[in-house]
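Just so it is clear, the values below take in all heavy atoms, side chains as well, and ignore hydrogens, waters and symmetry mates. Sequence lines set the chain letters: A, B, ... in the order given, protein chains first and strands last, and positions in each chain run from 1.
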Amino acid sequence: MTADLIAVVLLLAVTAYACAGGTDYGAGFWDLTAGGTERGRRPRWLIDHAMAPVWEVNNVWLIFVLVIMWTGFPVLFQTVFSAMWLPLALAAVGMVLRGAGFALRKPAQRLAGRRLYGAVFACASLVTPFFLGAAVGGAASERVAPGTEASADVWTSPTSIVFGLVAIATTAFLGAVFLTGDARRFDAPDLVGYFRRRALGSLAVLTVLAVVTGFVTHEDSPYVWHGLTHGLGLLFVIVAGAAALATVWLLLRTPGTWVRVTAVGVVASAVIAWGMAQRPYLLPTSLTVADAAGAPSTLTWLAIVTLVALVVVMPAVVLLYWLDTHGELGELTDSELSGGSGNPGDGAVRDS
Amino acid sequence: MPTSLHLLADAPAQLLPARELMAFTLASHIILVPLGVAFPLITLVMHYRGLRRKDATALLLARRWSAVMAVQFALGIVTGTVLSFEFGLLWPGMMGRWGDVFGVGFGVEAWAFFLEAVLIAIYLYGWRRLKPRTHFLLGLPLPFAALLGAFGILAANSWMNTPQGFSLDSGGNPVDVNVWKAIFTPMFGPQYWHFVVGMILTAGFVVAGVYATGWLRGRRDRYHRLGFAVPFTIAAVAAPVQFVLGDSIARSVFHKQPVKFAALEIVWKTDTRVPEYLFGRLQEDGTVKGGIKIPLLDSFLAGFSPNTEVVGLTSVPADQRPTATQATIAHWAFDIMVLIGSVLVLLALWYGLVWLRHRRLPASKWFYGSAACAGVGSVVAVECGWIATEVGRQPWIVYENMRVADAVTSTRSTSLWIMFGVVAAVYVFLFGSFLVVLLKMRTRWRLADEQQATAAGTHTPEADIPYGPRASVPAGDVPAADPGAGRSGGEGP
């Protein structure tokens, strides 16, 4: 069935956004908690440099999620955006502030300017994933059905609150793990330990929240709870748990590239487990994949477009991440922009 | 007046704020679009020149333009994300019913945009370490990704203007979707090319306008001449092309959306030998106040003969056409766009003639004054073109198939007004900051250039190796133990 295929594509796109976007939001989280100007200087410096080349790409996944939703499952899109009006509106505002804060922080030279933009960026990084998580929680807890009017009950249920907190913890965890690697890449040994401790800490928080989520969904979202404790859903929960253990082990040793893989594994498996638990519903117990599916020919074309795009875009994305992790990407510096004399030695890059 | 009041009374209360919010966010986003679509192209042309002729000034310009692009592209992404949220937050009715009919274009756009984001990241951050040739080649697909992205968006918008590729069942829901027909709708071709050339033209004039201002203020070195000539040449080539394309799209609207054409030209009754009004205001009773009336011209422009019959607004019931006020707005936007377009063609001709006769840039102060205004003018023209398209389509969101009022969210109008206020405040802050940042960059670069000029003598920029100095930066900008060590960290107390 094409509709099922597109549903899988949608789930994978959500997963990709959770991982890529999550890492990005996480960097903002650690920016927020880095302390005062003096104390937080070095972590913030690392966050700036590590995020800059990839943050846009990380966030573009969301656009893709939205497009698949409205093209493949128009009713789902209509329902979710009608019922979850406020959290999604706030998330949208959060995204603007975050992106703008980050983009403007670098060129803003005066300290006060940087502080303002930095604060905007960091706070929005915290708020946005919470609202997105709360919206997902509302859907998972069977509170949204086609025709549901927007109201606070829909997205302030216990499931929503826990999902929102889980979303924040997840971003913090991913952000810390990735920044640990970036700290090594940028030759900042002190920051390796700094972010490794934070990675372990946030994983601990995430674990506690996972247990809480278990209890809450048991009471509040029976359908998803059942899915998570049976069949494929359970399998992916176990995979997520195993990946979490592997991450802890790798973090305690000298963290290398593999810890990123296992960390992404934790988040990806958890998201996929949620998707599997909802089967065959897009909105548990009210809207199935088949009911929500758009016109068959559209779905076929959407699948073709996705396939072509995979062939064209994926190599580019891989190239970007490869270039980034191999230190091939760097910001233009003031001296390069001043058309300057300076040191005319070509290619003699000291830190590579 | 009574008609429009009557129509307004029927409309749900949330229609007005939803519309205002959408219009405001789109109008803001559109300012960034020409640069998003065509700035990479212009930068690559400059970049190519720099590499080819080992021209350090050209490379410096290309590098600085990338630094501007970095900020502008980021703002484009966030304001664009807001728009895709608004489809759901404001117009769930449209997306719920029609999403699967016209959404595939967006699918193409999403991936194209993805590709663009990847490539632009590589391009912007590849200056320092990639080999010059590799770096340039990796940037080369950027304009094509931009064209593909525009394809998706314009497919969706032209579908809203001339929807097809589906049939309606008894409940009024679309069935038998034919994706191919839904993408290549009658208005798609005209809209697409008009848009693409318009974006190139606008980006060219905007960038050239910056250096024209510099010329007026007495900065006439090679850096400013080059920064002016490359984008202005691109725009000057595009301007006459756009004139022809604009004429052709107007005729397409005349054939495919006659009522919209009637609004653009404020034609009240279907008739032959219709006069053309330059500006003027359409009244509720069908008369036109003010404006300049040119007999027969409208019929002549539409069908090359004064006997061409032009469909009037009254050919359809009042609830299926723009109100007199809306028609006047669309008409003014249309006229302003055409006026600016014509002036820009004249400016391009001036530039071309001077070049043909003297093989140099024009020297007249008046020319640079006009060129400086051309940047702002072309942005105004883009906004007007968009207003003409969207207001002329009223009251339909999907032309002749769904009214804007039927697509709007059921969220309370108070929430929408609050959201509007928040978004407006955020955008003012955002665009204001963008402007301040651009001005600061400019000042910083100018100071750097001036310092360089005084310290020159031994070392001219032209003598530099193509990719400029590279070793002065790395590791140095880590604010390590010594807070003063940061060169570009910029956070030193």
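- Pairing each heavy atom of Pro74(A) with each of Gly96(B), the nearest pair is CB-O, 3.2 Å.
- A centroid separation of 6.0 Å or more is found between the aromatic rings of Phe64(A) and Phe113(B).
- Looking at Thr79(B), there are no atoms closer than 4.5 Å to chain A (heavy atoms on both sides), in backbone or side chain.
- Taking chain A as the reference chain and counting heavy-atom pairs below 4.5 Å, the highest number among Asp100(B), Leu447(B), Val423(B) is found for Asp100(B).
- The most heavy-atom pairs under 4.5 Å with chain B, out of Val93(A), Leu88(A), Leu46(A), Ile68(A), come from Leu88(A).
- Note: Phe87(B) leads Phe429(B), Phe73(B), Phe87(B), Tyr223(B) in heavy-atom pairs under 4.5 Å with chain A.
- Comparing Val108(B), Ile77(B), Val78(B), Leu89(B) by how many heavy-atom pairs each has under 4.5 Å with chain A, the most go to Leu89(B).
- With sequence neighbours excluded, the residues that form a ring pair (Phe, Tyr, Trp, His ring centres under 6.0 Å) with Trp180(B) are Trp301(A), Phe184(B).
- Side-chain contact between Thr298(A) and Val101(B) is absent, with no heavy atoms from C-beta onward closer than 4.5 Å.
- For the set Ala89(A), Ala293(A), Gly99(A), the entry with the most heavy-atom pairs within less than 4.5 Å of chain B is Ala89(A).
- For Tyr427(B), the part lying near chain A is the side chain, with the backbone staying farther off; criterion is any non-hydrogen pair under 4.5 Å.
- Proximity to chain A is limited to the side chain of Leu138(B), based on heavy atoms less than 4.5 angstrom apart.
- Residues Asp324(A) and Tyr125(B) fail the side-chain proximity criterion, which asks for heavy atoms closer than 4.5 Å.
- Heavy-atom distances place the side chain of Thr409(B), and not its backbone, under 4.5 Å from chain A.
- The part of Val422(B) that comes within reach of chain A is its side chain, from C-beta onward, which places non-hydrogen atoms under 4.5 angstrom from that chain.
- Residue-environment remark: CZ (Phe144(B)) stays at or below the threshold of 12 foreign heavy atoms within 6.0 Å.
- Only the side chain of Leu75(B) has a heavy atom closer than 4.5 Å to any heavy atom of chain A.
- Contact of Ala70(B) with chain A is made through the backbone alone, with heavy-atom distances under 4.5 Å.
- In this structure, OG1 in Thr81(B) is found 6.5 Å from CG in Leu62(A), a value given to the nearest 0.5 Å.
- Closest non-hydrogen pair, Phe114(B) versus Val57(A), comes out as CE2-CG1, 3.5 Å.
- Contact of Phe166(B) with chain A is not made at all, since no heavy-atom distance falls under 4.5 Å.
- Chosen from Val308(A), Val60(A), Asp48(A), Thr79(A), the residue pairing most often with chain B at heavy-atom distances under 4.5 Å is Val60(A).
- Using a 4.5 Å heavy-atom cutoff, the side chains of Ile63(A) and Phe106(B) are not in contact.
- Note that CG of Leu115(B) is 11.0 Å distant from CG of Leu320(A), once rounded to the nearest 0.5 Å.
- Leu66(A) contributes atom CG, which lies 11.5 Å from atom CG of Leu83(B) (distance to the nearest 0.5 angstrom).
- Minimum heavy-atom separation, Val67(A) to Ala110(B): CG2-CB, 4.0 Å.
- In this structure, CG in Leu430(B) is found 7.5 Å from CG in Leu97(A), a value given to the nearest 0.5 Å.
- Rounding to the nearest 0.5 Å gives a distance of 8.0 Å between CE of Met419(B) and CG of Leu90(A).
- Put simply, of Leu302(A), Val312(A), Thr306(A), the one with the most heavy-atom pairs under 4.5 Å next to chain B is Thr306(A).
- Contacts classified as salt bridge (charged side-chain N to carboxylate O under 4.0 Å, His left out) and involving residues 74-102 of chain A (residues at least two apart or in different chains) are given here: Asp24(A)-Arg98(A).
- The contact between Val426(B) and chain A is made entirely by side chain atoms (from C-beta outward), counting heavy-atom distances below 4.5 Å.
- Ranking Ile304(A), Val317(A), Val75(A) against chain B, the residue ahead of the rest is Val317(A), based on heavy-atom pairs under 4.5 Å.
- When each of Ser433(B), Ala448(B), Ala121(B) is checked for heavy-atom pairs under 4.5 Å with chain A, Ser433(B) comes out on top.
- With rounding to the nearest 0.5 angstrom, the CH2 atom of Trp70(A) is 5.0 Å from the CE atom of Met95(B).
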